[in-house]
Amino acid sequence: MARPVTGVHVTGWGAYAPSLVLRNVDLERMVDTNDEWIVSRTGISERRIAGPDETTASMAAVAGLRAIATAGLQPDDIDLILLGTLSPDYVMPSTAALVKEAIGNKRAAAMDLYAACSGFVYGYATGHAYIASGMAKHVLVIGAETLSRYTDFSDRSTCILFGDGAGAVVLSASDEPGGTLGIEMTTDPSGAYLIWLPGGGAARPATATSHASGEHYMKMKGTETFKMAVRTLGSTATAAVKKAGLDLSDVDLVVPHQANNRIIEALAKSLDFPMAKVFVNVQRYGNTSAASVPLALSEAVAAGRVKKGDRLLMVAFGSGLTSGAIMLQWTADPAAMARAAAIGPA
């Protein structure tokens, strides 16, 4: 067992998005909607859809390998693999176990985390705890989803929102200043059924009737979700910043869950935080659930929006209702930034 450390840092990052693009004009041919309506209400212009041979595990493995390469490590340097997802390849075995095999790691423990769209942030917090306690030196944290396979493409209220993809970071032990500064996680069961998937679990096992009634597709109460999302994101973000001993004015960039543009803008307004310091890529990927924060982080770095010493705030909410926020100081060295640039964004 490694000794406890005072710092946990992001040393690697990477992402993956499928090549198939589903644009708003494509959805116009599937449901009663149009590009102007979708963009005005969500900010989404297109989303990526996994191909027949792509799964949560396969996308997670690519993102994970890119993060490991950016960190300048080998797969066997990873002590623990944590995968946040609500769309696993199977109920069992864990998708993280399949990722371990795919990346060629022989020694890490691996497990899935179910916290819906907050899955990556919850995974980051868990990885931080393992490293800070001395139980691990390098942890691979991934968020990956194939939400298209749980989406009803005849329901215009939900099919316009979701996309597929994966993002990952490597967390590493270090006594250097910076790294993770503050973490906040909450769960509010009063909103558990605002976003949910009724069928397929132990409460409602899969049957011909459940399939016929569409219980295996995601359901959402949009207005109620919007209100709780903005309130929860704001309070969670504020708490993480406070735990770091900072003020919102100290934050250089917010990387929020990319649910939709109206929620992101409402969050910024509620915090009195300028949109110029909020990274948004929902227009290209839609809501990729647990993948959205690490995918956005990777793109923000690739776009030059993040530099060494910057203070970043990552915040997410999801079904449950779960929420989580990470306040960190970016400490990646120039070599890691160069390796990431060579690999490229998603």
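- The nearest pair of heavy atoms linking Ala110 to Lys100 is CB-CB, 4.5 Å.
- Proximity of His216 to Ser210: side-chain heavy atoms (C-beta onward) are separated by under 4.5 Å at one or more points.
- With Arg107 as the fixed residue, the side-chain contact (heavy atoms from CB on, under 4.5 Å) test singles out one of Asp76, Asp77, Leu80: Asp76.
- Judged by distance alone, the side chains of Asn24 and Glu28 never bring a donor and an acceptor atom under 3.5 Å apart.
- The line from CD1 of Ile44 to CZ of Arg262 is 12.0 Å long, rounded to the nearest 0.5 Å.
- Across all their heavy atoms, Ala15 and Arg66 have their closest contact at O-NH1, 2.6 Å.
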Could you go through the side chain to side chain donor-acceptor pair (under 3.5 Å) check for Thr187 and Tyr122 one step at a time? CA-CA 11 Å; Thr187 301; Tyr122 272 50; 3.2 Å; yes
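- Between Pro18 and Ile49, the closest side-chain pair of non-hydrogen atoms is not below 4.5 Å.
- A donor-acceptor pair is defined here as one N or O able to donate and one able to accept, closer than 3.5 Å; no such pair exists between the side chain of Thr238 and the backbone of Ser235.
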**Prompt:** Can Leu328 and Arg311 be said to form a side chain to side chain contact (heavy atoms under 4.5 Å, CB included), step by step?
**Reply:** CA-CA 6 Å; Leu328 70 142; Arg311 296 188 179 101; over 6 Å; no
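- One N or O on the side chain of Asp79 and one on the backbone of Lys137 form a donor-acceptor pair closer than 3.5 Å.
- Side-chain contact of Thr331 with His9: a donor-acceptor pair under 3.5 Å is present, judged by distance alone.
- Heavy atoms only, all atoms of each residue included: Ala166 and Ala144 are closest at CB-CB, 3.7 Å.
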- Task: Show your working on side chain to side chain contact (heavy atoms under 4.5 Å, CB included) between Leu147 and Thr288 and close with a plain yes or no.
- Result: CA-CA 7 Å; Leu147 293 180; Thr288 56; 5.7 Å; no
| request: Test Ser323 against Thr186 for side chain to side chain donor-acceptor pair (under 3.5 Å), laying out the working first. | output: CA-CA 5 Å; Ser323 64; Thr186 68; 2.4 Å; yes
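- Of the possible donor and acceptor atoms, one in the side chain of Asp89 sits under 3.5 Å from a partner among the backbone N and O of Thr56.
- Interatomic distance, CE of Met111 versus OG of Ser94, reported as 9.5 Å (0.5 Å rounding).
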Original post:
Between Leu194 and Met220, does a side chain to side chain contact (heavy atoms under 4.5 Å, CB included) hold up when you go through it step by step?
Top reply: CA-CA 5 Å; Leu194 294 180; Met220 183 175 66; over 6 Å; no
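- Taking the side chain as every heavy atom from C-beta outward, Met218 and Trp196 never approach each other to under 4.5 Å.
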>> Before you tell me yes or no, could you show the steps for Asp333 and Met337 under side chain to side chain contact (heavy atoms under 4.5 Å, CB included), namely the whole-Å CA-CA distance, both residues' side-chain angles and the distance that decides it to 0.1 Å?
In response: CA-CA 7 Å; Asp333 60 34; Met337 300 289 274; over 6 Å; no
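- Paired with Ile103 under the rule side-chain contact (heavy atoms from CB on, under 4.5 Å), one option of Ile78, Leu140, Val62 passes, and it is Leu140.
- No side-chain donor from either of Tyr193 and Glu224 sits under 3.5 Å from a side-chain acceptor of the other.
- Within the 4.5 Å cutoff, no side-chain heavy atoms of Arg47 are placed close to those of Asn287.
- Counting heavy atoms from C-beta outward, Val293 and Ile326 have side chains that stay 4.5 Å or more apart.
- Across all their heavy atoms, Thr11 and Ser172 have their closest contact at OG1-OG, 2.8 Å.
- A donor-acceptor pair shorter than 3.5 Å cannot be found between the side chains of Tyr90 and Thr55.
- Side chain of Asp112 to main chain of Thr95: a donor-acceptor pair is present (N/O by atom type, distance under 3.5 Å, no hydrogens or angles).
- With respect to Lys243 and Glu184, a salt bridge is recorded, a charged nitrogen being found less than 4.0 Å from a carboxylate O.
- Between the side chain of Ser319 and the backbone N or O of Leu321 there is no donor-acceptor pair closer than 3.5 Å.
- The cluster map of Ile, Leu, Val, Met, Phe, Trp and Tyr, joined by side-chain heavy atoms under 4.5 Å apart, puts Phe273 and Leu246 in the same cluster.
- Remark: side-chain polar atoms of Glu101 are not paired, donor with acceptor, to backbone N or O of Leu98 under 3.5 angstrom.
- Smallest separation of non-hydrogen atoms from Ala259 and Ile263: CB-CD1, 4.0 Å.
- Counting only distance, with no hydrogens or angles, the side chain of Asp152 and the backbone of Tyr217 share no donor-acceptor pair below 3.5 Å.
- Under a 3.5 Å cut-off, the side chain of Asp247 and the backbone N or O of Asp250 do not form any donor-acceptor pair.
- Here Leu297 contributes atom CG and Ser292 contributes atom OG; the two are 11.0 Å apart, rounded to the nearest 0.5 Å.
- With rounding to the nearest 0.5 Å, the separation of CH2 in Trp37 from OG1 in Thr42 is 8.0 Å.
- Glu145 and Ser289 share a donor-acceptor pair across their side chains, judged by distance under 3.5 Å alone.
- The shortest non-hydrogen separation linking Cys159 to Thr151 is CA-CG2, 3.6 Å.
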Stepwise salt bridge (charged side-chain N to carboxylate O under 4.0 Å, His left out) check, Asp272 with Lys269 | CA-CA 5 Å; Asp272 194 23; Lys269 183 177 180 180; over 6 Å; no
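- Of the possible polar contacts, one joining the Asn105 side chain to the Pro75 backbone as a donor-acceptor pair under 3.5 Å is found.
- Looking at heavy atoms from C-beta onward, Leu113 lies out of side-chain contact with Leu83 at the 4.5 angstrom threshold.
- Separating the OH atom in Tyr114 from the OG atom in Ser87 is a distance of 8.5 Å, to the nearest 0.5 Å.
- For His257 and Phe317, the ring centers are positioned less than 6.0 Å apart.
- Tracing side-chain contacts under 4.5 Å through hydrophobic residues (I, L, V, M, F, W, Y), one never reaches Leu295 starting from Val301; they form parts of separate clusters.
- Taken from CG in Leu82 to CG in Leu171, the straight-line distance is 8.5 Å, to the nearest 0.5 Å.
- Using modelled atom types, no side-chain atom of Asp35 and backbone atom of Val25 make a donor-acceptor pair closer than 3.5 Å.
- In this structure the side chain of Pro256 reaches within 4.5 angstrom of the side chain of Val278, judged on heavy atoms.
- Side-chain contact between Gln258 and Ile264 is present, with at least one heavy-atom pair separated by less than 4.5 Å.
- Under the 4.5 Å side-chain heavy-atom criterion for ILVMFWY residues, no single connected hydrophobic cluster contains both Val251 and Tyr124.
- Val39 and Phe226 are members of different hydrophobic clusters when ILVMFWY side chains are connected at heavy-atom separations under 4.5 Å.
- Both Val8 and Val10 belong to a common hydrophobic cluster when Ile, Leu, Val, Met, Phe, Trp and Tyr are linked at side-chain heavy-atom distances under 4.5 angstrom.
- For Glu299 and Tyr285, the side-chain atoms include at least one donor-acceptor pair closer than 3.5 Å.
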